[in-house]
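Note that the structure is predicted; figures quoted are calculated from it, not measured. Counting starts at 1 for both ligands and their atoms, following the listed order.
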Amino acid sequence: MCVLCCVVFDEKSVFVVYFDDFFCFISEMGGVEGLKKEQFGRRRRPIDYLLHFVHTSNTHVNMERTYIMIKPDGVQRGLIHKVIERFEQRGFYLKAMKMQMVTKEHAEKHYADLSSKPFFAGLVTYMCSGPVVCMVWEGKEVVKTGRKIIGATNPLASEPGSLRGDFCIEVGRNVIHGSDAVESAQHEIGLWFPEGVCEYEHALQKWIYE
Ligand code: IDP
Ligand code: MG
């Protein structure tokens with residue numbers, strides 16, 4: 001089944017949205033749709049495309065999503081609430097969360113770009129050593145800002161006040177993962193949340209964004 005509809009918010013936001021069972025396309029007519037079109041690429045259900053589109057279009061804020069994961073050491077050390085607190089208090093929206101064990105294959109897929117590194121095998125073992133908490137956070141420039149909240153890869157080079165700067169010492173036990181670019185975030189969200197995320201309108205939107 002194919003559906004074609006026209007969504008009009010105001011004179012700056014008129015979009016033609018076309019979707020079928022697998023894909024969603026958004027026209028080039030509006031001002032902020034370029035980024036949005038990219039963000040829709042890996043989503044599953046057509047209704048999700050439309051809901052996300054409606055929820056994020058009415059503010060003209062270029063909402064991004066990032067994949068944040070509390071690694072096995074972060075879970076075991078009781079730091080789940082600290083991570084959620086930092087993102088939540090900043091004003092970012094939690095769109096998906098789950099706890100799971102990670103298979104070797106899945107860890108290798110997630111860190112595929114590091115497969116040639118000497119620490120790769122140890123990294124995969126570490127990621128499979130206990131449950132992780134997987135999350136999707138949404139907000140304006142959340143990818144770049146999320147990396148600042150997390151801190152540098154090597155915790156000893158992380159600023160105090162960042163999660164790694166406050167809670168760890170070793171690069172091989174750095175408690176948290178965060179996507180490093182909008183494109184990798186899209187890929188990682190698709191990898192960890194193939195079921196999709198929770199689409200809802202945040203009640204505080206107008207108090208966080210002007
Ligand atoms: P990032 O997590 O800050 O994005 P990446 O370079 O993508 O850093 O590396 C992914 C993960 O691999 C790191 O978070 C860390 O757990 C691990 N890692 C990176 N470099 C080393 C290393 O030199 N020794 C051991 N583990 C490392
Ligand atoms: Mg990385």
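Between Tyr93 and His202, the angle of the ring planes stays under 30°, which puts this pair in the parallel group of the 30/60° scheme. Ring-plane geometry between Tyr67 and Trp192 is classed as parallel, the angle between the planes falling under 30 degrees on a 0 to 90 degree scale with a further cut at 60.
For the salt bridge (charged side-chain N to carboxylate O under 4.0 Å, His left out) test, no residue two or more places apart in sequence or in another chain qualifies with Lys109.
With respect to Glu195 and Lys98, a salt bridge is recorded, a charged nitrogen being found less than 4.0 Å from a carboxylate O.
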Listed pairs under 3.5 Å, donor-acceptor, residues 72-80 side chains, sequence neighbours left out:
{"from": "Asp73", "atom 1": "OD1", "to": "Tyr126", "atom 2": "OH", "distance (Å)": "2.7"}
{"from": "Asp73", "atom 1": "OD2", "to": "Tyr126", "atom 2": "OH", "distance (Å)": "3.0"}
{"from": "Asp73", "atom 1": "OD2", "to": "Val175", "atom 2": "N", "distance (Å)": "3.1"}
{"from": "Arg77", "atom 1": "NH1", "to": "Phe167", "atom 2": "O", "distance (Å)": "2.7"}
{"from": "Arg77", "atom 1": "NH2", "to": "Phe167", "atom 2": "O", "distance (Å)": "2.9"}

List, pair by pair, the atoms of ligand 1 and of the protein that are both N or O and lie under 3.5 Å apart, giving the separation rounded to 0.1 Å.
{"from": "ligand 1", "atom 1": "2 (O)", "to": "Arg164", "atom 2": "NH2", "distance (Å)": "3.1"}
{"from": "ligand 1", "atom 1": "3 (O)", "to": "Arg147", "atom 2": "NH2", "distance (Å)": "3.3"}
{"from": "ligand 1", "atom 1": "3 (O)", "to": "Thr153", "atom 2": "OG1", "distance (Å)": "2.5"}
{"from": "ligand 1", "atom 1": "3 (O)", "to": "Arg164", "atom 2": "NH1", "distance (Å)": "3.0"}
{"from": "ligand 1", "atom 1": "4 (O)", "to": "Arg147", "atom 2": "NH1", "distance (Å)": "2.8"}
{"from": "ligand 1", "atom 1": "4 (O)", "to": "Arg147", "atom 2": "NH2", "distance (Å)": "3.4"}
{"from": "ligand 1", "atom 1": "8 (O)", "to": "Thr153", "atom 2": "OG1", "distance (Å)": "3.2"}
{"from": "ligand 1", "atom 1": "14 (O)", "to": "Lys71", "atom 2": "NZ", "distance (Å)": "2.9"}
{"from": "ligand 1", "atom 1": "14 (O)", "to": "Asn174", "atom 2": "ND2", "distance (Å)": "2.8"}
{"from": "ligand 1", "atom 1": "16 (O)", "to": "Lys71", "atom 2": "NZ", "distance (Å)": "3.0"}
{"from": "ligand 1", "atom 1": "16 (O)", "to": "Val171", "atom 2": "O", "distance (Å)": "3.2"}
{"from": "ligand 1", "atom 1": "16 (O)", "to": "Asn174", "atom 2": "OD1", "distance (Å)": "3.3"}

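Listed by first and then second residue, the salt bridge (Lys or Arg N to Asp or Glu O under 4.0 Å) pairs that reach into residues 157-182 are Arg86-Asp166, sequence neighbours excluded.
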